[in-house]
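The block underneath contains the structure these notes are about, expressed in structure tokens.
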Amino acid sequence: LVHVKEVNADDSDICELELREGSKVVETLRVRTADGVPVVLEKNHFSMAYSYLENENLAGSLYGVLRDYGIEPKQASHDISMASATDDQAKLLNIKKGDPLMRLHEVVYDQKGRPLHNSLQLIRGDRFVFRI
């Protein structure tokens, strides 16, 4: 877990999470590892209805925490593209600035079809296989 904090909602958040202009969101930033090696940098934005996440242990399963509150992720839309690692991203993923990353943008919906969160995952292609 890198951080959990409140930030201003951007245009994507307002559209995808069905928020009002000027809203805030809860941002989680985590580095996911495989065998101790950083493979994914994951940034999630939740509406302030999920502000309780700021007080939860998010080092483990984020969805496990949500399930404890009766929230079940059920479906998502995915956009996949490529990106180059910025200096900050490279440091967190233990790679070089400019290294290629797979960029996965998701909007995840709960069991009632409501937007749960949006997510940006930057994935190391040299350490991760994405199977559809």
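Below, all heavy atoms of this structure are taken into account, side chains as well, without hydrogens, waters or symmetry copies. In this text, all values refer to a predicted model and were calculated from it rather than measured experimentally.
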Is there a path from Val31 to Ile95 through hydrophobic residues (I, L, V, M, F, W, Y) whose side chains come within less than 4.5 Å of each other? yes
Specify the closest pair of heavy atoms between Lys96 and Ala85, including all atoms of both residues, with the distance to one decimal. O-CB, 3.9 Å
Beyond-backbone contact of Gln75 with Tyr109, side-chain heavy atoms, under 4.5 angstrom: yes
Is it the case that more than 12 heavy atoms not belonging to Asp68 sit under 6.0 Å from its CG atom? yes
Taking side chain as C-beta onward, heavy atoms only, is Glu27 less than 4.5 Å from Lys43? yes
Side-chain contact, heavy-atom cut-off 4.5 Å: Met48 with Val26? yes
Spacing of OH belonging to Tyr63 relative to NE2 belonging to His117, to within rounding of 0.5 Å: 3.0 Å
Could you tell me whether the side chains of Asn118 and Asn44 share a donor-acceptor contact shorter than 3.5 Å? no
Closest non-hydrogen atom pair between Leu19 and Ser47, with its separation: CD2-CB, 3.7 Å
Drop me the distance from Leu66's CG to Leu62's CG, to the nearest 0.5 angstrom. 5.0 Å
Is there a donor-acceptor contact under 3.5 Å from the side chain of Arg32 to the main chain of Leu41? no
Tell me whether Ile123 shares a hydrophobic cluster with Ile80, the cluster being built from Ile, Leu, Val, Met, Phe, Trp, Tyr side chains joined at under 4.5 Å. yes
Any link between Leu29 and Val4 through a network of hydrophobic side chains (Ile, Leu, Val, Met, Phe, Trp, Tyr) touching at under 4.5 Å? no
What's the spacing between Arg127 CZ and Asn94 CG if we round to 0.5 Å? 9.0 Å
Could you give the side-chain donor-acceptor pairs of residues 52-61 under 3.5 Å, partners two or more places apart or in another chain?
residue: Glu56; atom: OE2; partner: Tyr69; partner atom: OH; Å: 2.5
residue: Asn57; atom: OD1; partner: Ala59; partner atom: N; Å: 3.0
residue: Ser61; atom: OG; partner: Gly64; partner atom: N; Å: 2.8

Can you list the residues that meet the salt bridge (Lys or Arg N to Asp or Glu O under 4.0 Å) rule with Asp10, with sequence neighbours excluded? none
Considering non-hydrogen atoms only, spot the tightest contact between Ser119 and Glu42 and give its length. OG-CG, 4.2 Å
Hey, which of Arg30, Arg103, Glu106, His78 is the one that makes side chain to side chain donor-acceptor pair (under 3.5 Å) with Gln121? Glu106
If only atom types and distance count, is the side chain of Gln111 paired as donor or acceptor with the main-chain N or O of Glu72 below 3.5 Å? yes
Side-chain donor-acceptor pair under 3.5 Å between Glu16 and His105, yes or no? yes
Is there a side-chain contact between Val7 and Lys24 in this structure, where contact means two heavy atoms from C-beta onward sitting under 4.5 Å apart? no
CE/Met102 to CZ/Arg124 distance, rounded to the nearest 0.5 angstrom? 12.5 Å
Should Tyr50 and Ile71 count as side-chain neighbours, where that means a heavy-atom distance under 4.5 Å? yes
salt_bridge(Lys112, Asp110) N-O dist < 4.0 Å: no
Once rounded to the nearest 0.5 Å, what's the spacing between atom CG of Leu101 and atom CG of Leu93? 6.0 Å
Val25 versus Glu6: any side-chain heavy-atom pair under 4.5 Å? no
Which distance, rounded to the nearest 0.5 Å, do you find between the CD1 of Ile14 and the OG of Ser23? 6.5 Å
Side chain Gln89, main chain Thr86, donor-acceptor under 3.5 Å: yes
Would a hydrophobic clustering, with Ile, Leu, Val, Met, Phe, Trp and Tyr connected at side-chain separations under 4.5 Å, put Leu92 with Leu122? yes
